[in-house]
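Down below is the structure, laid out as C-alpha cells.
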Amino acid sequence: MRLLDQPLDFARLPGEVAAYGADTDGDGMLAFAKAVKDSGGRFVALWGADQREDAAGYAVHVAFGLAEGLALLTLPLAADAPRYPDLEPLYPAANRPQRATRDLLGIVATGGDPRPWLRHNNWPADFYPLRRDCDASRTFPPQPEDYAFVRVEGEGVHEIPVGPIHAGIIEPGHFRFSIVGEKVLRLEQRLGWTHKGVEKRFEQMTLSDGCRLAGRISGDSTVAYAWAYCLAAESLCATAVPARARWLRALLLERERVANHLGDLGYLGNDAALSFGLSQFMRLKEDWLRTQAQLFGHRALMDCVCPGGVAIDLTAQGAAALVEQCSAIEREVRLLKHIYDEHAGLQDRFLTTGRLAPALAAELSVAGLAGRASSQTWDLRLQNPVSPYAELEVQMASHRAGDVAARVTLRFEELFESLRLINEIVARLPEGALCAPLGAPGRALGLGWIEGWRGDVLVALQVDGDGVIRRCHAHDPSWNIWPALEHAVMGNIVPDFPLINKSFNLSYSGVDL
Amino acid sequence: MYQILKQIVRTGIRSEAPPATDPELRSIAQQLEAAMLRTLGRALVIRQIDAGSCNGCELEIHMLSNPYYNLEALGIKFAASPKHADMLLITGPVTKNMETALLRAYDCTPAPKLVVAVGDCGAGCGVFGKSYASCGGVAEVIPVDLVVPGCPPTPRALLQGILTAISGV
Ligand code: SF4
C-alpha cells in the first residue's frame with residue numbers, strides 16, 4: 001500500500017498496532033520524511049541494528065507518526081561503511097537518537113552532530129556495545145570527558161553548571177545554563193548518566209525474562225513499557241491475548257496514569273511554595289499505591305503485565321474497592337483543584353511560565369502530555385487504539401497555552417478522565433482467561449506502541465529462531481520532549497527552572513537506557 | 001485560605017508508628033559509638049544519590065515524606081549537598097557514567113559517612129547486571145553499611161533500613 005502517496009511499498013506489520021513497514025534508501029527516507037512533515041505527521045523514533053550475521057550489514061529504523069498509524073522505514077546499510085543521511089535538518093528531535101545510535105553501533109548520520117551522547121568517555125570510542133560480536137562484559141577505567149557545550153558569548157553572560165547529581169531526589173543529568181542576571185539565555189542538556197546497557201542486556205534473554213527488564217526501563221511507567229513490550233512479543237508469536245487480560249491491562253495503565261498525576265500535582269504545588277498541596281496529594285497517592293499492593297501485589301504495578309496476558313486478577317470485592325476509591329479520590333482532587341485554581345500565588349507562578357508554543361512543539365515532534373498542553377493532539381488511545389481502547393471512547397484533553405499552568409490543568413483533566421475510564425473498565429470487565437501461552441516466535445519485527453502517562457512508548461523486538469531476543473529497542477516519549485524543555489526555559493528566570501522541569505517531568509532512565 | 005485550613009483539619013493526623021529496627025539488614029557491624037547514635041538518632045541528614053536507577057526506587061523514597069511515614073517528625077531530613085550529610089542513600093547499580101560522580105560525593109561526605117544501598121540494583125542483584133555500562137551494585141564502588149533490598153523496597157522497608165543504620169547494636 002502507499003502512504004502519503006510516496007513511492008514506497010508499505011506492508012502492514014503483524015500484530016495489534018496499526019504499523020506499516022517499508023525498506024528504502026537514504027533518498028527515499030528523506031523524501032518520505034519531508035512528506036510526513038508536510039502532512040502534519042511527526043518523528044517518533046530512530047534506532048539501529050546489527051544484521052551482519054545474516055550477511056545484511058547494518059540497518060537503521062526510522063519511525064514516523066501519521067494519522068493512519070506508525071510508518072516504519074528500514075534502511076539497509078553496508079557492513080563496511082554504515083552511513084545514512086542526517087535527519088536533523090528536517091526533524092531536530094532526530095539529533096539525540098542519531099548520536100546514541102552512533103555511540104552504540106558505530107552507524108553514522110552523515111553530516112550529523114559529531115558529539116557523543118550516551119558515551120561519556122567511560123568506554124573507548126571504537127567500542128560499540130550493540131554490535132553483536134562485542135563482548136559487553138568488558139569494563140574500562142573511567143576517563144575524564146571534555147564535552148563541547150555550545151558557548152553563549154556577550155557581556156555579562158555567565159554559565160551555571162548543574163549536575164549530574166541534582167539537589168533534590170531526582171534522576172541524574174547535567175544542565176548547563178547560560179544566563180544574564182537571573183534570566184536564562186540558553187539551556188543545554190547533557191544526559192546519558194544512567195546508561196546501564198539495557199539494550200545489550202535484552203540480548204540473550206528469553207521473551208518472558210525480557211518483560212521484567214522492559215518494566216524497569218523507567219520505573220514510573222512500568223505498565224506502559226511492559227504492555228508495549230508484550231504487544232511486540234505477542235505480535236511476533238501471533239498470540240491472541242484473552243479479552244479479560246486486555247481490559248485488565250487498560251485498568252492498570254489508567255491507574256499508573258493517576259498515580260503519576262497525583263504525585264506530580266503535589267510536587268507542582270510544592271515547587272510553587274504551596275507545601276500543603278504536596279502533603280495532600282502525596283497522602284492520596286499513598287492511598288492509591290496501598291490499594292495496588294493489596295489488590296495486585298505491587299505498589300508500582302511492576303510485573304503485573306506479562307507476555308500473553310496479565311499476572312493479576314480482580315475479584316468482585318476488589319472491583320468494588322476500586323470503584324469506591326475512584327469516587328473518594330475524585331471528591332478530594334476536585335476540592336484540591338478548586339484550591340489550586342483559586343490560589344493567587346500559585347497561579348502567578350504557573351501562568352505564562354515555561355511556555356512551549358504550539359508551532360515549536362510541532363517542529364520538535366513533541367507528543368504526549370507535554371504535546372497536548374501545546375495543541376499537539378496526539379493520543380494513541382484515540383488515534384491508534386489497541387484493544388480495549390477502541391471501545392472506551394477516551395476524551396482527550398488539550399490546551400493551547402503550553403505553559404506550566406496548561407500542563408497542570410491537563411493533569412487534572414486527564415486524572416478525572418482516567419478515573420472515569422477505571423469505573424467503566426471495572427463495570428464492563430469481561431470474564432475469561434487471564435493469560436494465553438505464547439506461540440512459536442517468527443523472525444519478523446514485532447512492535448508495541450502504548451500511550452503511557454507521559455506519552456507514547458514504542459518497543460521494537462526481534463528474536464532468534466531459538467526464542468532468544470536478538471534486538472530490543474524501547475523508545476521513551478521523553479526523547480523528543482527533552483529538547484523542547486531547552487526552549488521552554490529560555491527567557492525565564494533561573495529559580496523557575498525546577499517548576500518548569502517538574503511540569504514536564506521527563507524520564508532520564510528511559511532515554512539513557 | 002479557609003478551604004486550606006478546613007482541608008487540613010478534615011484530613012487530621014495520618015502519621016503511623018515507625019517500624020522496628022532489624023540488625024539483620026546490616027552488611028557490617030555498627031561502627032558508631034552510643035553517644036553518636038543518640039545524637040544522630042534525633043537529627044539525621046541524608047543525601048540521596050541516584051547512581052543509575054530506573055527511578056522506581058526514587059519514587060518510593062519520595063513517599064517517605066508523605067504524612068503516613070512523616071520522616072521529618074523522626075528528625076530525619078534530606079539535604080542538597082553531601083557535605084551536609086551523615087548518610088548517603090544510594091539507588092541503582094552504579095552506572096559507569098555515574099561512578100566518578102558517586103566517588104566524588106562520597107569523598108565530600110563527612111564522617112560517619114553511613115552508606116545505605118537501596119533496592120535490588122543497589123544491593124547488586126538487580127535486573128541490569130554488570131557490564132561495560134554498569135558496575136553491578138553500590139558495594140562494587142564504595143563500602144556499604146546496610147542494604148535495603150526490594151524492587152523497589154517499600155517505604156516501610158526503607159524507613160526500617162534507615163532507622164537500623166542509626167540504631168545501637
Ligand atoms: S531496584 Fe528495581 S525499582 Fe529500584 S532501581 Fe532497580 S529496577 Fe528500579
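What's counted below: heavy atoms across the whole structure, side chains too, no hydrogens, waters or symmetry copies.
The aromatic rings of A/W123 and B/Y132 sit perpendicular, their planes meeting at an angle over 60°, well past the 30° parallel limit.
With a 4.5 Å cut-off on non-hydrogen atoms, B/F128 touches chain A through its backbone and its side chain both. In this structure, the portions of B/C151 lying under 4.5 Å from any heavy atom of chain A include both its backbone and its side chain. With a 4.5 Å cut-off on non-hydrogen atoms, B/I4 touches chain A through its backbone and its side chain both. For A/H343, the part sitting under 4.5 Å from any heavy atom of chain B is the side chain, from C-beta outward, and nothing else. A/F281 does not touch chain B: none of its heavy atoms, backbone or side chain, sits under 4.5 Å away. Contact annotation for B/S65: neither backbone nor side-chain heavy atoms come within less than 4.5 Å of a heavy atom of chain A. With a threshold of 4.5 angstrom between heavy atoms, A/L274 approaches chain B through side-chain atoms but not through N, CA, C or O.
A distance of 11.0 Å separates CD1 in A/I169 from CG in B/N55, rounded to the nearest 0.5 Å. One distance of note links CG of B/L64 with CE of A/M282; it measures 10.0 Å at 0.5 Å rounding. Rounding to the nearest 0.5 Å places OG of B/S131 at 7.5 Å from CZ of A/R201. Residue B/Q7 holds its CD atom at 5.0 Å from CD of A/E332, rounded to the nearest 0.5 Å. Note that CD of B/Q3 and CZ of A/F276 are 9.0 Å apart. Values are rounded to the nearest 0.5 Å. Expressed to the nearest 0.5 Å, how far OG1 of B/T100 lies from CG of A/N122 amounts to 6.0 Å.
Below 4.5 Å, heavy atoms of chain A meet heavy atoms from B/T154, B/P155, all part of residues 154-163 of chain B. Residues from residues 284-294 of chain A that place a non-hydrogen atom less than 4.5 Å from a non-hydrogen atom of chain B comprise A/K285, A/E286, A/D287, A/L289, A/R290, given in numerical order.
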Listing, residues 76-87 of chain B side-chain donor-acceptor contacts under 3.5 Å, not counting sequence neighbours, or none:
residue: B/S81; atom: OG; partner: B/K83; partner atom: N; Å: 3.0
residue: B/D86; atom: OD2; partner: B/V45; partner atom: N; Å: 2.8

Tell me which donor-acceptor pairs under 3.5 Å the side chains of residues 260-268 of chain A have, and how far apart each pair is, sequence neighbours excluded?
residue: A/N260; atom: ND2; partner: A/D220; partner atom: O; Å: 2.9
residue: A/N260; atom: ND2; partner: A/E256; partner atom: O; Å: 3.0
residue: A/H261; atom: NE2; partner: A/E414; partner atom: OE1; Å: 3.3
residue: A/D264; atom: OD1; partner: A/N505; partner atom: ND2; Å: 2.8
residue: A/D264; atom: OD2; partner: A/R411; partner atom: NE; Å: 3.1
residue: A/D264; atom: OD2; partner: A/R411; partner atom: NH2; Å: 3.1
residue: A/D264; atom: OD2; partner: A/N505; partner atom: ND2; Å: 3.3
residue: A/Y267; atom: OH; partner: B/H62; partner atom: ND1; Å: 2.5

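The two residues B/T95 and A/W193 make their nearest non-hydrogen contact at OG1-O, 2.6 Å. Closest approach of A/K196 to B/P93, counting heavy atoms only: CD-CG, 4.4 Å. Minimum heavy-atom separation, A/A167 to B/R47: O-NH1, 3.5 Å. Taking each heavy atom of A/S509 and B/S53 in turn, the nearest pair found is OG-O, 3.4 Å.
Most heavy-atom pairs under 4.5 Å with chain B, from the set A/P144, A/S137, A/S279, A/C134: that is A/S279. Most heavy-atom pairs under 4.5 Å with chain A: of the set B/A133, B/G56, B/C121, B/S134, this distinction falls to B/A133. With chain B as the partner, the residue from A/R119, A/R299, A/R138 showing the most heavy-atom pairs under 4.5 Å is A/R299. Note: A/P129 leads A/P164, A/G168, A/G277, A/P129 in heavy-atom pairs under 4.5 Å with chain B. For the set B/R14, B/R10, B/R104, B/M1, the count of heavy-atom pairs under 4.5 angstrom toward chain A peaks at B/R14. Annotation: maximal heavy-atom pairing with chain B below 4.5 Å, among A/T139, A/I217, A/V198, A/I165, occurs at A/I165. Between chain A and the residues B/E99, B/M98, B/K130, the most heavy-atom pairs under 4.5 angstrom are made by B/M98. Put simply, of A/H338, A/R212, A/K200, the one with the most heavy-atom pairs under 4.5 Å next to chain B is A/R212.
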Pair B/T11, A/Q280 - check side chain to side chain donor-acceptor pair (under 3.5 Å), show working. CA-CA 8 Å; B/T11 308; A/Q280 290 289 329; 3.1 Å; yes
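Residues A/R216 and B/V127 meet the side-chain proximity criterion, which asks for heavy atoms closer than 4.5 Å. Considering only heavy atoms from C-beta on, A/H120 stays 4.5 Å or farther from B/K96 through its side chain. Under the 4.5 Å side-chain criterion, counting only non-hydrogen atoms from C-beta, B/E58 is not in contact with A/I170. Looking at B/C54 and A/M302, their side chains come closer than 4.5 Å, going by heavy atoms from C-beta outward.
Within 6.0 Å of CZ in A/R132 there are more than 12 heavy atoms belonging to other residues, nucleotides or ligands. Counting heavy-atom neighbours within 6.0 Å of B/I13 CD1, excluding the residue itself, gives a total of 12 or less. Counting non-hydrogen atoms of neighbouring residues, nucleotides and ligands closer than 6.0 angstrom, the CD atom of B/E16 exceeds 12 such neighbours.
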